[in-house]
Student: 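First the structure, which I've put down as structure tokens, then a few questions once you've had a look.
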Amino acid sequence: MAVERTLSIIKPDATRRNLTGKINACLEDAGLGIVAQKRIRLTRERAEGFYAVHKERPFFNDLCDFMSSGPVVVQVLEGEDAIAKNRRVMGATNPEEADEGTIRKQFAENIEANSVHGSDSRENAAFEIAYFFDDSEIVG
Ligand code: ADP
Ligand code: MG
């Protein structure tokens, strides 16, 4: 296994409920380092660009509305096997199917408002990190 970086987003349902610190604790307790982080409000256009791979999916419009409905915290996580590790800590997309102890099991409201995003591959992680961060903003 190698040290990897992955893009994480704390979604508007979680920032609205002041869960940033609790979610960050889950990530750090799992051994993921937060090497960049900022709280921003996505425009609809920026959300559409981020989720462009999903533009043919039936939930795309609602998802972009949701992701631009309030603040998000975008962050770069770093650690051994970080991409897969973060996906395990997050839990399944649908919180009803998520394992006990995962972020989505503990905090998600529903399959859309599911508290966190995490890159699902090295290729997507590279695209998604560059979508929000310059190299100079990432301090490992
Ligand atoms: P994940 O975030 O687990 O990688 P996907 O990439 O498949 O899941 O979907 C991206 C996001 O779109 C999900 O996190 C969720 O917010 C939303 N989403 C996925 N599937 C649905 C669905 N069936 N209905 C509503 N929203 C969905
Ligand atoms: Mg995904």
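All ligand and atom numbering here is 1-based and tracks the order in the structure. Since we're looking at a predicted model, the values are computed, not measured. Nothing fancy with the numbering, it's 1 onward along the sequence. Values reported hereafter were calculated over all heavy atoms of this structure, with side chains retained and with hydrogens, waters and symmetry mates removed.
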Student: Quick test: of every protein heavy atom, which one is nearest to atom 1 (P) of ligand 1, and how far off is it to 0.1 Å?
Tutor: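 The protein heavy atom lying closest is Thr93 OG1, 3.6 Å.
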Student: Can you tell me which residue and heavy atom of the protein come closest to atom 22 (C) of ligand 1, and the distance to 0.1 Å?
Tutor: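 Looking only at protein heavy atoms, the one closest to atom 22 (C) of ligand 1 is Phe59 CD2, 3.7 Å.
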Student: Which of the atoms in ligand 1, numbered in the order shown and given with their element, are less than 4.0 Å from a heavy-atom of Arg87?
Tutor: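 What qualifies from ligand 1 is 1 (P), 3 (O), 4 (O).
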Student: Cationic tip of Lys11 within the cone over Phe107's six-membered ring, i.e. under 6.0 Å and within 45° of the normal?
Tutor: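 No.
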Student: In ligand 1, which numbered atoms sit nearer than 4.0 Å to a non-hydrogen atom of Asn114?
Tutor: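 Every atom of ligand 1 under 4.0 Å from some heavy atom of Asn114: 13 (C), 14 (O), 15 (C), 16 (O).
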Student: Keeping the roles fixed (side chain from Arg87, backbone from Asp120), state whether a donor-acceptor pair exists under 3.5 Å.
Tutor: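 No; zero donor-acceptor contacts below 3.5 Å.
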Student: For ligand 1, is any non-hydrogen atom under 4.0 Å from Ile111's backbone (N, CA, C, O), its side chain (CB onward), both, or neither?
Tutor: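 Both backbone and side chain of Ile111 come within 4.0 Å of ligand 1.
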Student: Counting non-hydrogen protein atoms only, what is the nearest one to atom 11 (C) of ligand 1? Give residue, atom name and distance.
Tutor: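 Looking only at protein heavy atoms, the one closest to atom 11 (C) of ligand 1 is Leu63 CD2, 3.9 Å.
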Student: Around atom 7 (O) of ligand 1, find the nearest protein heavy atom and jot down its residue, atom name and distance.
Tutor: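 In this structure, atom 7 (O) of ligand 1 has Arg57 NH2, 3.9 Å as its nearest protein heavy atom.
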Student: Which option, His54, Glu112, Met90, owns the non-hydrogen atom nearest atom 16 (O) of ligand 1?
Tutor: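 Closest candidate by heavy-atom distance is Glu112.
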Student: Sequence neighbours excluded, which residues qualify as side chain to side chain donor-acceptor pair (under 3.5 Å) partners of Arg57?
Tutor: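 In terms of side chain to side chain donor-acceptor pair (under 3.5 Å), with neighbours along the sequence ignored, Arg57 is linked to His54.
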Student: Can you check whether Thr93's main-chain N or O pairs, donor with acceptor, with Asn114's side chain at less than 3.5 Å?
Tutor: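 Yes, because the side chain of Asn114 sits within donor-acceptor range (under 3.5 Å) of the backbone of Thr93.
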Student: Just verifying a value: how many Å separate Arg44 CZ and Met67 CE, rounded to the nearest 0.5 Å?
Tutor: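 With rounding to 0.5 Å, CZ (Arg44) is 12.0 Å from CE (Met67).
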Student: Polar contacts were defined as any N/O atom of the residue lying under 3.5 Å from an N/O atom of the ligand; does this apply to Tyr51 and ligand 1?
Tutor: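 So ligand 1 has no N or O lying under 3.5 Å from an N or O of Tyr51.
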Student: What orientation do Phe50 and His117 show, parallel under 30°, tilted 30 to 60°, or perpendicular over 60°?
Tutor: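 Plane angle over 60°, so perpendicular.
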Student: Can you tell me how far the CD1 atom of Ile129 sits from the CD1 atom of Ile138, to the nearest 0.5 Å?
Tutor: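 So the CD1 of Ile129 and the CD1 of Ile138 are separated by 6.0 Å.
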Student: Between Arg104 and ligand 1, which part of the residue brings a heavy atom under 4.0 Å of the ligand: side chain, backbone, both or neither?
Tutor: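 Under 4.0 Å from ligand 1, Arg104 contributes side-chain atoms alone.
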